[in-house]
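Below is one structure; the comments refer to it alone.
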Amino acid sequence: MERKYNPQEIEPRWQDFWEQKGTFRTSEDHSKPKFYALIEFPYPSGEGLHVGHPRPYTALDIVARKRRMQGYNVLFPMGWDAFGLPTENYAIKNKIHPRIVTERNIARFKEQLRSLGFSFDWSREVNTTDPEYFKWTQWIFLKLFEKGLAYKQEMPINWCPSCKIGLANEEVVNGGCERCGSEVEMRVKNQWMLKITAYAQRLIDDLELVDYIDRVKVQQRNWIGRSEGAEVDFPVVGTPHKLRVFTTRPDTIFGATYMVISPEHPLLDEFKEQISNYAELMAYRDQAKKKSDFERAELTKDKTGVEIKGLRALNPATGNEIPIWISDYVLMTYGTGAIMAVPGHDERDWEFARKFGLPIVEVVVGGNVQEEAYTDTQSGIMVNSGFLNGLEVSEAIKKITAWLEEQGLGRRKVNFKLRDWVFSRQRYWGEPIPLVHCDKCGWVPVPEEELPVVLPDVENYEPTDTGESPLAKIRDWVETTCPKCGGPAERETDTMPQWAGSSWYFLRYTDPQNDEDLAAKDRLDYWLPVDWYNGGMEHTTLHLLYSRFWHKFLYDIGVVSYPEPYKKRTSHGMILGENNEKMSKSRGNVVNPDEIVAEYGADTLRLYEMFIGDFEKSVPWSTDGVRGCRRFLDRFWRLQEMAVPGKEFNPSLETSFHKTIKKVSEDYENLKFNTAIAAMMALLNEIFAVGRITHAELKTLLILLNPVAPHITEEMWVRMGFPGYVHAQEWPKWDPDKVIEETVDIAVQINGKVRGEITVSLTDPVERARELAMANGNIQRYIEGKNIVKEIYVPGKIYNIVVK
RNA sequence: GCCGGGGUGGCGGAAUCGGCAGACGCUACGGACUUAAAAUCCGUUGGGCUUUCAUGUCCGUGCGGGUUCAAGUCCCGCCCCCGGCACCA
């Protein structure tokens, strides 16, 4: 038998053991309390696993392993989010079918994950590219379509010229493509859209039902961007038309001295005949069209715009005629694409008014609106505002809104920044959208029993320059018959975005082989919602919002029984390179987990990733830190040599053990893995100082460390000849009475400065503390010749004597 | 600009119902072991001053004030960093 700790020998052996015995298979015994732990399933890239991956995986593996020992029926599954661009690009470049590339990448990832000893139930593995899986992704889409939540629309989209793909707003970062960084252009395309905006309010409201870390909730609210205000109709003079605006400040309507509409606004086309400078306006529109939203926002320094000659609006409050301008600072995609400009109290309007010499009127007192816009108007008194004069802002808002409603000129309105989800991708490697276009019947869903609509095998996956999907060229796939009328029809050639498959994958884990339903209802009811979902902050406005939307929809149609998919959401920090920069191939600072496993072992890697620092923060990798963790395990291994029989805790270590059990138990649940490990390290130091460890103590310690370092603890348990296996033990409990030290060393302060130390029992009265303190020479020195003014004695904490 | 999080040794980080700041780990230095090195073990490691030894003492948690017997922690006013949103009406 080997003496030395040899993870390279131990770890694969235990991994085989767990697999063969099905140790971590989840049962469907619904009488047991359940715990569903979820981590974001990875995109199996060609790069293989990165040291960032195991951080969240280990964290929830720890919680899952602990909960099993606490008697829960635990579901901790894993799968693959395998559709996506990099695979397709690789396939194009190397002329290998993306399916093959995907298979290969998955095999690699799986092997790497296996080598880290995660307690996934691999029998429940899902793969978004598996037709048996995406059949249900397509099914959900058809349900959305059926309910009118999927629609096709001609609309300007963010177009990445390098990926040749349309991007959702969420995929545009600082004006560039999230994936490749190329600058995004605007293009008008006919796209499938999902009406996530119909759920905007519920997506905000139901955040109340869930336990998400605060920054996640805040970011979601931020992204949805709810704002309350009113819609107001401004009559267009000499026409029956009314120009509708959205404003959050209807109270300032008396200060609206002109209007601005977006260059794309349809008003221009409608009144083409009456507009005398139509050509000029069109030139401006063309110019604006060329700019992306980002560019438009970038050019913030200087306002541009053109007045519409021949059209004027009527301010319904003042009765004055006011000019209408077009400017690209008004976006067609928010509100109504038109604003009432109140230059006195809005910086943008003020700037614009200044530049074009438009009148500026003060309506809330407090500033000097000729000098600058006065925007500190959350409160204030109205002036120059007719019947609102003298009112407080909040009163004025109520009064004007009521007046507008009475006059039929406006109404209260809530607006959201959230836009509908661009759901089409002009790509090959994605789920085909299961619709057929028939000249007679329009868009017709593929009948459910014909799902899945699978991808045809093709020679060439290159996207076309026209922006059409490569599928469009496969005529014998495209050409089909209409399911409704039987006439000739064409398949939709757009595919779904990567976010589709990941919007519901956690449901499939409950019943991954089901071919009748997306998952059996009783399983969904038992397992959902997910008890704890950990994932990256980068998915807060994408995946997390999308999947909440889909889940709410599935709730509405009765598939699931709770409106929220995830009860709790936490997020891990990134692991940076040793140089404190983001790990990337180009920076050459990537650490490969395989090498760490080969050199130090999986347990060391797991331990290190949990000990490295605050779980929620980014932290640089440190090879020296890894060695320190290996050293700990080497020392831990040597406990075997100092083990002595005994069913009790050594009295001198008893309190330490109970404290450690408490600390570790609590810290594992609170993302404080680093301090849990520190506590075990400290206890190990104490044990080494004592020089021996009883069997009872060693068993306890093995169980506590097992979730972090499962291989070494399994091995030591068996080597010690303890009955059964460590993973099958019950999680230890601490005795609240034994967590408290009987005697403690506390500081004695004179006027708040530490001047000595005494050893007291918690139950000792102040007299006892005083007696001990007075015996201390240094204390005597400070008290001599002084009057004791006050004594503060906090048992177990401090003894402070105030002298004068 | 708005919202959120955060500034603690040479480094990662502990400690926030106010109660000995720096747990745990790393690094560095010194020592033991070794022919030597690695590994391992022991010791020191916030700064200054003091001390033969022991110790003692002052300063120190981004900056400036305040409350308190006592402040990293609470209050007021600033500075800086990270993340999100941003011509959103």
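Proteins get letters first, then strands, A, B, ... in listed order; numbering begins at 1 in each.
In this structure, the CZ atom of A:Arg631 is 10 Å from the C1' atom of B:U27, given to the nearest Å. Put simply, CG on A:Asp420 is 21 Å from P on B:C88, counting in whole angstrom units. The interatomic distance linking A:Lys417 (NZ) with B:C3 (P) rounds to 13 Å, in whole Å. If you take CD of A:Glu686 and C1' of B:A23, they are 12 Å apart, rounded to a whole angstrom. Following rounding to the nearest Å, A:Leu683 (CG) and B:G25 (C1') show an atom-to-atom distance of 16 Å. A:Trp637 has its CH2 atom 17 Å from the P atom of B:C41, to the nearest Å. Atom CG of A:Leu545 is separated from atom P of B:C85 by 12 Å (rounded to the nearest Å). When rounded to the nearest whole Å, the span between CZ of A:Arg348 and P of B:A89 equals 7 Å.
A:Glu791 comes within contact range of no nucleotide atom at all, as no heavy-atom separation falls under 4.0 Å. As judged by a 4.0 angstrom heavy-atom cut-off over every strand, A:Lys672 is placed among residues touching the sugar-phosphate backbone only. Looking at heavy-atom distances under 4.0 Å, A:Val794 makes contact with a base. Residue contacts shown for A:Glu347 are absent, as no nucleic acid heavy atom lies under 4.0 Å away. At a threshold of 4.0 angstrom between heavy atoms, the contacts of A:Arg781 are confined to the sugar-phosphate backbone, with no base atom among them. Base engagement by A:Ile792 is indicated by at least one non-hydrogen atom pair under 4.0 Å involving a base atom. Nucleic acid contact class of A:Gly628 (heavy atoms, under 4.0 Å, all strands): sugar-phosphate only. Among the atoms of the strands shown, only primed sugar atoms or phosphate atoms (P, OP1, OP2) are found under 4.0 Å from some heavy atom of A:Ser618.
Both tests do not hold together for A:Arg770 against A:Tyr799: distance to the six-membered ring centre under 6.0 Å, angle to the ring axis within 45°. Stacking of A:Lys303 on the aromatic ring of A:Tyr329 is recorded, both the 6.0 Å distance cut-off and the 45° axial limit being met.
Out of B:G56, B:C59, B:C20, the shortest distance to the side chain of A:Asn778 is found at B:G56. Distance from the side chain of A:Arg215 is smallest to B:G4 among B:G4, B:U57, B:C17. The side chain of A:Arg638 sits closest to B:C41 out of B:A14, B:C41, B:G12. Proximity note for A:Asn674 (side chain, C-beta onward) versus B:A14, B:G83, B:G19: the nearest is B:A14. In this structure, the nucleotide among B:A14, B:C87, B:C41 sitting nearest to the side chain of A:Arg635 is B:C41. In the set B:U27, B:G19, B:C69, B:G19 carries the atom at the smallest distance from any side-chain atom of A:Ile798. When distances run from any side-chain atom of A:Lys753 to the nucleotides B:C58, B:A15, B:G83, the shortest one goes to B:C58. Among B:G19, B:C85, B:G12, the nucleotide with an atom closest to any side-chain atom of A:Phe611 is B:G12. The side chain of A:Val619 has B:G13 as its nearest neighbour among B:C87, B:G84, B:G13. Among B:A89, B:C20, B:G12, the nucleotide with an atom closest to any side-chain atom of A:Thr248 is B:A89.
The shortest distance between side-chain heavy atoms of A:Arg627 and A:Tyr600 falls below 4.5 Å. Contact of the A:Thr540 side chain with the A:Leu545 side chain is not registered, since no non-hydrogen atoms from C-beta on lie closer than 4.5 Å. Annotation: side chain of A:Phe615 is not in contact with side chain of A:Ser571 (no heavy-atom distance under 4.5 Å).
A donor and an acceptor atom sit less than 3.5 Å apart, one in the side chain of A:Lys303 and one in the base of B:C87. Side-chain atoms of A:Asn800 and base atoms of B:C69 include a donor and an acceptor less than 3.5 Å apart.
Residues A:Glu686 and A:Ser656 bring a donor and an acceptor atom of their side chains to less than 3.5 Å of each other.
RNA chain B lies under 4.0 Å from no heavy atom of any residue of residues 254-261 of chain A.
The pairing partner recorded for B:C69 is B:G19, the criterion being a Watson-Crick or G-U wobble arrangement whose two distances lie under 3.5 angstrom. Under the Watson-Crick and G-U wobble criteria, each requiring two contacts below 3.5 Å, nucleotide B:C53 is left unpaired. In this entry B:G60 has no Watson-Crick or G-U wobble partner, no candidate having both defining distances under 3.5 Å. Pairing partner, B:C2: B:G84, with both Watson-Crick or wobble hydrogen-bond distances short of 3.5 Å. In this structure, B:G43 and B:C29 make a Watson-Crick or G-U wobble pair, each of the two defining distances being under 3.5 angstrom.
Spacing between B:U55 and B:G9 at atom P, rounded to whole Å, works out to 27 Å. On the C1' atoms, B:C20 is 16 Å away from B:G46, given to the nearest whole Å. Nucleotides B:C42 and B:C59 have their P atoms positioned 36 Å apart, rounded to a whole Å. Rounded to whole Å, the C1' atom of B:U45 lies 8 Å from the corresponding atom of B:C29. Using C1' as the reference atom, B:G64 and B:G5 are 23 Å apart when rounded to the nearest Å. Look at the P atom in both B:C82 and B:G13: the space between them is 15 Å, to the nearest Å. The same atom, C1', is picked in B:C53 and in B:C78; the two are 49 Å apart, to the nearest Å. Nucleotides B:C41 and B:C24 are separated by 15 Å at their P atoms, to the nearest Å.
Within the structure, every side-chain polar atom (N or O) of A:Asn685 is placed at least 4.0 Å from both OP1 and OP2 of B:A23. Checking the phosphate oxygens (OP1, OP2) of B:U57, a side-chain nitrogen or oxygen of A:Tyr782 falls inside 4.0 Å. A sub-4.0 Å separation between OP1 or OP2 of B:A89 and a side-chain N or O of A:Ser227 is present.
Nucleotides of RNA chain B nearest to A:Gly625 and A:Ile746 differ in position, and the one nearer the 5' end is that of A:Ile746. Looking at which nucleotide of RNA chain B each of A:Val218 and A:Gly225 is closest to, the 5′-most match is held by A:Val218.
Under the 30°/60° scheme for interplanar angles, the aromatic rings of A:His345 and A:Tyr374 are found to stand perpendicular. Note: A:Phe352 and A:Phe356 have tilted aromatic rings, judged against thresholds of 30 and 60 degrees for the angle between ring planes. Note on ring orientation: taking the six-membered ring where Trp is involved, the planes of A:His539 and A:Trp499 are perpendicular (angle over 60°, cut-offs 30° and 60°).
Shown here is A:Lys355, whose NZ atom has more than 12 heavy atoms of other residues, nucleotides or ligands within 6.0 Å.
Look at A:Asp214 and A:Lys217 and you find no salt bridge, because none of the NZ, NE, NH1 or NH2 atoms lies under 4.0 Å from a carboxylate O.
Glycosidic conformation of B:G9: syn, with the torsion inside 90° of 0.
Annotation: salt bridge (charged side-chain N to carboxylate O under 4.0 Å, His left out) contacts of A:Arg226 (sequence neighbours excluded): A:Glu228.
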